[in-house]
Amino acid sequence: MTTKVSFTLNGEAVSAEVDSRTLLVEMIRENLGKTGTHVGCDTSQCGACVIHLDGRSVKSCTMLAVQAEGADVATIEGVATNGKLHPMQEAFREHHGLQCGYCTPGMIMSSLDLVKQNPDPDEKQIREWLEGNLCRCTGYQNIVRAVKAGAQAMRADD
Amino acid sequence: MYEFNYHRPTSLEDVSEILAANDEAKILAGGMTLLPTMKMRLAQPSDLVDLSAIDGLSDISDTGDAIEIGAMVRHADVAGSDIVQNAIPALAELANSIGDAQVRNRGTLGGSIANSDPASDYPAAVLGLDAVIKTNKREIAADDYFKGLFETALEANELVVSVKFPKPKKAAYAKFPNPASRYAVVGVMVAETDSGLRVAVTGAGACAYRATEIEAALGKSFSTDALAGISMDAADLNDDLHASSEYRAHLIGVMAGRAVSTLGG
Ligand SMILES: Cc1cc2nc3c(=O)[nH]c(=O)nc-3n(C[C@H](O)[C@H](O)[C@H](O)COP(=O)(O)OP(=O)(O)OC[C@H]3O[C@@H](n4cnc5c(N)ncnc54)[C@H](O)[C@@H]3O)c2cc1C
Ligand code: FES
Ligand code: FES
């Protein structure tokens, strides 16, 4: 059974004809061509697929595309503005918060949700929040530093 | 994932109708358990009935001597609710200890207790706080609700609508989380309620249950010392790659002690 699913993606109206079993991440990557959102595990563990659904971070591999009907969806492609990296992205670059970069889109989308709720997170809060984001390369030290610095830069921007 | 028909009804009557017409239909709440199971092809529902468009399932309200939480309330919303934090802080903390932030943003109270995973957290709160489960058909007391491994008193076509948690005099939850998933290896809720002292254990057995030996000991003296002489029988406890049954038996006493000391005992 295919259905037409429509939602807002990074501020633009999008739609696609999908199977009811199509995952949201599949629709985003394959139907809509936005491949910044990654699939690391496909078993709800790794957080590489984290996006924002109506302003909250969720794992897009553990949602059906049909469940996003009418929603406001944001992915990593919408984070930079006018070719300029977002302060959180800049902080990951500056603090070497990535090596292969596979986990990075999910790390950044998850961190942005944290900062929205807690503009000045300490190291413990960052580590607890990133519980659902796995990184096979960095050992997390620099990711935590990057999130702290990114949050600080975002406060300064406000 | 096998194919299925997707429905998003807007009333409980419509849900009942779809469930009645399709033997192999299943309810979809947060999907954090059901979708992974379907991806592994361990479940093959003919129809999925998404509860997200039904009004009134996502409310948290203070009814005076209790708080009532709708089946579709997400774990993150229980954790962040002023009503829950004020009336039953142990419940807000429990919700905040589930999985990770993204699981808490999708997973629901109704889905968790309908599933009754032996390692899930909410069952300890439902049983420990002497809650009442409201369904589309009746009200079920917590003591009559958990029946066994992934088994509850819910009948076919019966769905959880809300859970009413009486406000306890005091309550604390202590959990030994699996370091990877955060599911409870063992979790213990200790609560002094209007119906008496209750100690509910999750993670250790096939489903959540009350540790009556510990309740009796704490009834005599509410202190960690009262737990010193108690050893739990490991015979019927879970034994898997996460922990042996002996280890779980030991953890029950340790977690109960932590909850009691949080409460000043
Ligand atoms: C990585 C990860 C970590 C997790 N860690 C924890 C943890 O630490 N502690 C913990 O407790 N849980 C944990 N969970 C499970 C999580 O809390 C789930 O959200 C929860 O168990 C199921 O809720 P759901 O809303 O996602 O339900 P769904 O997956 O949508 O449904 C689960 C089952 O319940 C049925 N159902 C759903 N709603 C109702 C209803 N209202 N009435 C009747 N039947 C219904 C469905 O048909 C299905 O059979 C984890 C999950 C993941 C993916
Ligand atoms: S791909 Fe979604 S959690 Fe790993
Ligand atoms: S940078 Fe390679 S997985 Fe995180």
Side-chain angles (χ1 to χ4, degrees), chain A residues 1-5 18-26 39 41-71 106-107 109-118 121 125-134 147, chain B residues 1-10 22 25-53 58 72 74-77 79-80 93 96-108 111 177-183:
Chain A
M1 186 175 83
T2 67
T3 330
K4 185 177 175 189
V5 172
V18 297
D19 225 45
S20 47
R21 60 182 160 172
T22 303
L23 300 173
L24 178 56
V25 71
E26 289 169 349
V39 178
C41 65
D42 200 26
T43 56
S44 324
Q45 323 283 327
C46 78
C49 64
V50 171
I51 58 152
H52 292 184
L53 179 87
D54 294 328
R56 299 171 89 165
S57 56
V58 303
K59 295 174 181 176
S60 61
C61 77
T62 314
M63 262 191 78
L64 302 170
V66 286
Q67 289 178 284
E69 174 64 37
M107 287 284 178
M109 296 313 281
S110 182
S111 301
L112 289 175
D113 192 15
L114 166 65
V115 176
K116 191 156 66 176
Q117 297 180 35
N118 177 359
Q125 290 165 328
I126 295 171
R127 286 184 184 277
E128 278 173 4
W129 184 269
L130 294 179
E131 176 67 39
N133 291 88
L134 302 183
V147 176
Chain B
M1 207 182 277
Y2 294 109
E3 266 188 291
F4 55 85
N5 299 310
Y6 173 81
H7 310 262
R8 186 156 45 172
T10 51
N22 302 283
K26 258 192 175 298
I27 291 168
L28 175 64
M32 298 308 298
T33 295
L34 183 54
L35 294 177
T37 313
M38 288 171 63
K39 284 186 189 181
M40 290 189 285
R41 296 197 162 182
L42 294 174
Q44 186 177 8
S46 61
D47 295 76
L48 279 192
V49 190
D50 185 347
L51 297 185
S52 67
S58 299
M72 284 298 285
R74 318 274 174 189
H75 307 331
D77 292 326
E93 281 164 32
N96 201 42
S97 80
I98 296 175
D100 55 55
Q102 288 72 38
V103 168
R104 294 192 293 275
N105 276 343
R106 292 297 293 167
T108 68
N178 176 297
S181 71
R182 301 279 140 185
Y183 272 107

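Order of the sequence lines fixes the chain letters, A, B, ..., with proteins taken first and strands second; residue numbering starts at 1 for each chain. It should be emphasised that the depicted structure is a prediction, and the values quoted were computed from it without experimental measurement.
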Proximal component of [X], with respect to chain B [non-hydrogen, under 4.5 Å]:
{"X": "Gln67(A)", "answer": "both"}
{"X": "Ser110(A)", "answer": "both"}
{"X": "Gln117(A)", "answer": "neither"}

Measure across [X] and [Y] and return the closest heavy-atom pair with its distance rounded to 0.1 Å.
{"X": "Arg8(B)", "Y": "Val66(A)", "answer": "NH2-O, 3.8 Å"}
{"X": "Thr62(A)", "Y": "Gly31(B)", "answer": "CG2-O, 3.7 Å"}
{"X": "Tyr6(B)", "Y": "Ser20(A)", "answer": "CB-CB, 3.9 Å"}

Distance-only donor-acceptor pairs under 3.5 Å for side chains of residues 50-58 of chain A, two or more places apart:
residue: His52(A); atom: NE2; partner: Met109(A); partner atom: O; Å: 2.6
residue: Asp54(A); atom: OD1; partner: Asp72(A); partner atom: N; Å: 2.8
residue: Arg56(A); atom: NE; partner: Asn105(B); partner atom: OD1; Å: 3.4
residue: Arg56(A); atom: NH1; partner: Asp77(B); partner atom: OD2; Å: 3.3
residue: Arg56(A); atom: NH2; partner: Asp77(B); partner atom: OD1; Å: 3.1
residue: Arg56(A); atom: NH2; partner: Asn105(B); partner atom: OD1; Å: 3.3
residue: Ser57(A); atom: OG; partner: Asp113(A); partner atom: OD2; Å: 2.6
residue: Ser57(A); atom: OG; partner: Gln102(B); partner atom: NE2; Å: 2.9

Query raised in the report: Should Arg104(B) and Glu131(A) be marked as a side chain to side chain contact (heavy atoms under 4.5 Å, CB included) after you check the CA-CA gap, both sets of side-chain angles, and the distance that decides it?
Result: CA-CA 12 Å; Arg104(B) 294 192 293 275; Glu131(A) 176 67 39; over 6 Å; no
[X] versus chain A, heavy atoms under 4.5 Å apart: side chain, backbone, both or neither?
{"X": "Asn5(B)", "value": "both"}
{"X": "Leu28(B)", "value": "side chain"}
{"X": "Ala53(B)", "value": "neither"}

Query - Exceeds 12 heavy-atom contacts within 6.0 angstrom, atom NZ of Lys39(B) - result: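 Atom NZ in Lys39(B) is crowded, with more than 12 foreign heavy atoms closer than 6.0 Å.
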For the atom pair [atom1] ([X]) and [atom2] ([Y]), what is the distance rounded to the nearest 0.5 Å?
{"X": "Leu64(A)", "Y": "Met1(B)", "atom1": "CG", "atom2": "CE", "answer": "5.5 Å"}
{"X": "Leu48(B)", "Y": "Arg21(A)", "atom1": "CG", "atom2": "CZ", "answer": "12.0 Å"}
{"X": "Met40(B)", "Y": "Asp42(A)", "atom1": "CE", "atom2": "CG", "answer": "10.5 Å"}

Query - Pairwise side-chain contact, Val103(B) with Lys59(A), heavy-atom cut-off 4.5 Å (strictly under) - result: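 Val103(B) vs Lys59(A): side chains touch.
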Query raised in the report: Which residues satisfy the side-chain contact (heavy atoms from CB on, under 4.5 Å) test with Gln44(B), sequence neighbours excluded?
Result: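 Gln44(B): side-chain contact (heavy atoms from CB on, under 4.5 Å) contacts with Tyr2(B).
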